[in-house]
Amino acid sequence: MADDVITIDDLIRKVLSYSHDADIELLRKAYIFSSEAHIRQTRIEGSPYIEHPLAVAAILADMRMDTTTLAAALLHDTVEDSSATVKDIKTLFGNDVAFLVNALTKLSKMEFMTKEEAQAENFRKMLLAMAEDVRVILIKFADRLHNMKTLEHLPESKRKRIAAETLDIYAPIVNRLGIGWLKTEFEDLSFKFLLPELYNEITRKIAKRKEEQEGYLREVVEEVQKKLKEENITGKVSSRVKHSYGIYQKMQKQQITFEQVHDVLGIRIITDSKASCYTIMGIIHSLWTPVPGRFKDYIGVAKSNMYQSLHTTVIGPKGERVEFQIRTEEMNRVAEDGIASHWRYKEKGAFNEKDSRYISWLRELIQSQKEFADAKDFLEEVKGAVVPDVVYVFTPKGDIKDLPVGSTPVDLAYSIHTQIGHRCVGAKVSGKIVPLRYQLKNGDTVEIITSQAHGPSRDWLKFVVTQRAKSRIKQWIKAEERTQSVELGIRLLEAELKKHNMSNAMMKSDEVLEVAKALGVNSLEELFVSVGFGKISPQQVVNKLLPEKPVEEIVSKHAKPPAEQKGISIKGIDDILYHTAKCCFPVPGDNLVGFITRGKGVTIHNKKCHNLERLAIDDARLVEVEWKQEGETTYPARLLVEAVDKPGILANLSALVSSVNVNIRHLEASSTPDKTAHIGFILEVKDKKQLTALIQKIASVDGILRVKR
């Protein structure tokens with residue numbers, strides 16, 4: 001579409017060129033209504049405002065959209081900018097047009113505290129509207145495109161903000177919907193305003209190379225046409241130019257100069273059938289030598305946005321590299337127009353089966369957005385869902401899943417269902433067990449192994465790459481930590497109340513609620529969470545309670561002494577939430593100290609643990625700990641063994657450990673170039689005495705250099 005001023009007659013001519021029975025009266029009526037609504041308005045550069053909705057409608061006409069969409073485009077700013085109402089629109093133009101205008105008006109009328117919040121909430125609302133009728137987002141795209149084309153009239157800071165937003169979010173979503181030409185426009189226009197000098201330099205170099213290689217490409221095109229004619233194969237052959245942002249991306253990704261980019265110019269062949277595509281590929285490869293690793297078959301396995309084409313690079317005449325794209329007419333139409341290429345309207349822009357393939361990802365997003373209280377988290381999820389570089393993997397049933405490059409089995413599990421992600425314990429790739437951090441490769445067949453008794457690990461956040469997996473894991477951890485913190489907070493407060501002979505019934509009293517508010521929290525639950533997290537100490541709460549009444553009034557007549565319990569006893573509290581520290585693995589017989597760890601309860605350390613020195617511990621978060629050992633309970637302990645690396649050393653040590661009735665829970669071994677073996681055991685022992693005896697036995701074995709906890 002030209003950037004010249006569009007008139008209503010120009011728009012009508014465009015529409016009649018692809019839809020002879022279009023409702024032209026609807027367009028004229030919408031144009032008149034919009035003109036009157038915007039009559040006193042001008043754009044920032046001084047032009048009449050009506051030029052903007054006309055330009056937006058013309059962009060949509062280039063996409064061959066229906067008159068309902070074009071009428072809504074003409075009217076999209078009227079409700080916001082004039083006294084017109086959605087009811088007026090409905091009366092004059094019908095339900096569909098009113099629905100679209102109302103959806104677009106809601107998007108533009110929102111007010112927020114910060115720009116980030118505004119951007120995030122805008123996209124949440126836009127995608128929700130899009131799920132109901134994709135025409136909403138197509139009008140929004142056309143609106144953004146015209147604004148990008150007139151961006152030079154805005155202040156620089158605003159130009160850069162809008163360009164960055166377009167590049168970060170609009171372009172990837174357009175790409176996911178398969179609208180190739182619009183993605184190119186968004187990327188190049190954003191590039192132009194974000195890095196103007198670099199944009200101008202690359203654009204100039206592209207034009208120069210095109211001029212230099214025009215004759216060369218003509219020779220290649222003629223050679224291909226001649227060969228296709230000989231083989232009696234239909235094929236329209238033309239040269240094409242890679243867009244400037246695509247070249248910039250390649251330069252950045254591969255750390256190369258413009259001169260080292262070989263596929264600035266290429267050749268596209270449009271043929272009549274899928275079979276002809278493969279035949280032509282064979283002909284190209286018979287004429288010139290293909291470059292290894294540069295053949296991509298997107299016909300056999302289409303991209304997630306339904307893009308289909310064969311790509312290959314060959315060493316052409318005079319040793320020059322030439323890239324070919326080979327596709328059918330239908331594939332070319334889908335590659336350029338995507339979801340807009342085969343629009344079929346039912347009620348409210350409903351999808352036919354083919355269209356719905358474009359937006360299965362969107363449906364998942366819409367479903368998942370209900371789980372996000374924070375719109376910024378949802379925006380990150382959207383960004384993660386529209387990444388351009390993907391790997392294709394297969395489920396055991398043969399279904400294809402596309403995931404971002406670098407994805408792991410955990411990412412795949414969460415892409416199938418949140419509960420499958422939560423319960424994932426392992427994975428098989430092509431029948432072999434792989435680690436959960438294994439990076440999936442194109443063509444992998446992946447089976448997810450689950451267990452109902454399993455939950456996500458915080459460690460997963462170190463290797464998952466999809467926003468969906470990250471957000472679900474964080475949500476689960478946050479919910480678990482909150483639950484644990486409430487339980488821990490209650491128990492710590494109960495223990496502190498007992499120390500002062502105060503009844504547990506006080507916990508739900510108005511007095512405690514008043515204390516909570518005085519300490520800056522608004523509910524009892526928030527108070528328990530804050531105590532459990534270590535933000536507020538139980539002493540602070542009880543100290544505020546003590547002056548309120550004489551102690552004798554709040555002494556419980558039924559106070560019970562602390563109950564005996566198995567395992568570890570913490571400050572006389574029954575059944576408290578605790579775990580032993582994995583840095584020192586304390587066992588019965590060690591001197592212990594408890595530390596309130598935020599979100600995890602009480603962590604039990606050996607008093608000699610080196611980590612205690614570097615933890616920022618205040619006394620309010622330390623608790624007294626003692627062992628109360630019963631029966632045959634065992635505890636994990638870690639041993640590190642250094643030995644001479646010789647045959648049988650590992651087997652001998654394992655046999656020795658088993659001979660004293662100690663179970664090996666985990667074992668790791670490695671060897672250094674100087675033939676020293678490093679062996680790490682996690683053992684299950686009854687107490688320090690049993691562990692000390694085992695250490696002495698291991699130390700006496702021939703070839704052992706050192707044993708330590």
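Because the structure is a prediction, the values reported are computed rather than measured.
- At a cut-off of 3.5 Å, with distance as the only test, no side-chain donor of Thr203 or Asn200 sits close to an acceptor on the other residue.
- Counting non-hydrogen atoms of neighbouring residues, nucleotides and ligands closer than 6.0 angstrom, the NZ atom of Lys274 reaches no more than 12 such neighbours.
- Neither side chain, Ser190 nor Glu187, offers a donor N or O lying under 3.5 Å from an acceptor on the other.
- Looking at every heavy atom in both residues, Ala73 comes nearest to Pro53 through O-CB, 3.8 Å.
- Within a 6.0 Å radius of CD in Glu152, other residues, nucleotides and ligands contribute more than 12 heavy atoms.
- Asn147 places a side-chain N or O within donor-acceptor distance of the main-chain N or O of Asp143, the cut-off being under 3.5 Å.
- Side-chain atoms of Met251 and Gln260, non-hydrogen and from C-beta on, never get closer than 4.5 Å to each other.
- The backbone N or O of Pro317 sits nowhere less than 3.5 Å from a side-chain atom of Glu320 that would complete a donor-acceptor pair.
- No hydrogens or angles considered: nothing links the side chains of Thr67 and Asp23 as a donor-acceptor pair under 3.5 Å.
- Other residues, nucleotides and ligands place no more than 12 heavy atoms under 6.0 Å from the CD atom of Glu211.
- The six-membered or imidazole ring of His76 lies near that of His52, with a centre-to-centre distance under 6.0 Å.
- With hydrogens and angles disregarded, a donor-acceptor distance shorter than 3.5 Å links the side chain of Thr271 to the backbone of Thr234.
- Not a single donor-acceptor pair under 3.5 Å links the side chain of Ser19 to the backbone N or O of Leu16.
- With respect to Glu323 and Lys242, no salt bridge is recorded, no charged nitrogen being found less than 4.0 Å from a carboxylate O.
- Put simply, NZ on Lys140 and CG on Leu100 are 13.5 Å apart, with the number rounded to the nearest 0.5 Å.
- Of the candidates Arg268, Gln308, Gln325, Asn332 forms a side chain to side chain contact (heavy atoms under 4.5 Å, CB included) with just one, namely Arg268.
- For Ser273 and Ser276, the side-chain atoms include at least one donor-acceptor pair closer than 3.5 Å.
- In this structure, Ile326 and Tyr278 have side chains that are not in contact, with every pair of non-hydrogen atoms separated by 4.5 Å or more.
- A parallel orientation is assigned to the rings of Trp288 and Phe324, their planes being inclined by less than 30° (bins at 30° and 60°).
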(request) Using the side-chain contact (heavy atoms from CB on, under 4.5 Å) rule, take Val410 and Ile448 through it: C-alpha gap first, then chi angles, then the decisive distance, then the call. (result) CA-CA 8 Å; Val410 177; Ile448 303 297; over 6 Å; no

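- In the model, His311 has no side-chain atom that pairs as donor or acceptor with a side-chain atom of Asp297 under 3.5 Å.
- When all heavy atoms of Leu104 and Val136 are compared, the closest pair comes out as CD2-O, 3.7 Å.
- Shortest non-hydrogen contact noted between Ala335 and Arg327 is CB-NH1, 3.7 Å.
- With contacts defined as side-chain heavy-atom distances shorter than 4.5 Å, the pair Val464/Ile473 qualifies.
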(message) Test side-chain contact (heavy atoms from CB on, under 4.5 Å) on Glu219 and Lys318; report intermediate values, then the result.
(response) CA-CA 11 Å; Glu219 285 176 33; Lys318 303 173 188 172; 4.2 Å; yes

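- The closest side-chain donor-acceptor pair between Thr166 and Arg144 falls under 3.5 angstrom.
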(request) Would you sort out whether Thr466 and Ser415 count as a side-chain contact (heavy atoms from CB on, under 4.5 Å), showing the intermediate values? (result) CA-CA 9 Å; Thr466 58; Ser415 79; over 6 Å; no

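- Across all their heavy atoms, Tyr414 and Pro456 have their closest contact at OH-CG, 3.4 Å.
- We find the CD-OG1 distance between Glu231 and Thr279 to be 9.0 Å, quoted to the nearest 0.5 Å.
- For Asp168 (side chain) and Glu165 (main-chain N/O), no donor-acceptor pair under 3.5 Å exists by modelled atom type.
- Look at Asp444 and Lys441 and you find no salt bridge, because none of the NZ, NE, NH1 or NH2 atoms lies under 4.0 Å from a carboxylate O.
- Between Asp96 and Arg135, at least one side-chain nitrogen of the basic residue sits less than 4.0 Å from a carboxylate oxygen of the acidic one, meeting the salt-bridge criterion.
- Using a 4.5 Å heavy-atom cutoff, the side chains of Ile162 and Phe193 are not in contact.
- If you take CZ on Phe258 and OG on Ser244, they are separated by 10.0 Å, rounding to the nearest 0.5 Å.
- Taking the six-membered ring where the residue is Trp, Tyr245 and His243 present tilted rings, their angle falling between 30° and 60°.
- Separating the CG atom in Leu11 from the CD1 atom in Ile24 is a distance of 8.0 Å, to the nearest 0.5 Å.
- The structure places CG of Asn175 at 5.0 Å from NZ of Lys183, a figure rounded to the nearest 0.5 Å.
- Thr69 places no side-chain N or O within 3.5 Å of a backbone atom of Met65 that could act as its donor or acceptor partner.
- Residues Leu167 and Leu194 have side chains in contact (heavy-atom distance under 4.5 Å, counting atoms from C-beta outward).
- Between Leu440 and Val393, the closest heavy-atom pair is CB-CG1, 3.9 Å.
- Using a 4.5 Å heavy-atom cutoff, the side chains of Val334 and Tyr307 are not in contact.
- Remark: side-chain polar atoms of Thr289 are not paired, donor with acceptor, to backbone N or O of His285 under 3.5 angstrom.
- Contact of the Glu329 side chain with the Arg333 side chain is not registered, since no non-hydrogen atoms from C-beta on lie closer than 4.5 Å.
- Side-chain contact check for Asp188 and Tyr199: no donor-acceptor pair (N or O, by modelled atom type) lies under 3.5 Å.
- When every heavy atom of Val434 is checked against every heavy atom of Pro409, the shortest pair comes out as CG2-CG, 4.2 Å.
- Using modelled atom types, one finds no donor on one side chain facing an acceptor on the other under 3.5 Å when comparing Ser451 with Arg423.
- Rounding to the nearest 0.5 angstrom, the gap separating the CD1 atom in Ile59 from the CD1 atom in Ile139 is 12.0 Å.
- One finds no salt bridge joining Glu214 and Arg218 here, because no Lys/Arg side-chain nitrogen approaches an Asp/Glu carboxylate oxygen to under 4.0 Å.
- Residues Arg468 and Thr418 form a side-chain contact, since some pair of their non-hydrogen atoms from C-beta on lies under 4.5 Å apart.
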(message) Set out, in order, the CA-CA distance, both residues' side-chain angles and the distance that settles side-chain contact (heavy atoms from CB on, under 4.5 Å) for Val446 and Lys428, then state yes or no.
(response) CA-CA 6 Å; Val446 189; Lys428 288 182 182 178; over 6 Å; no

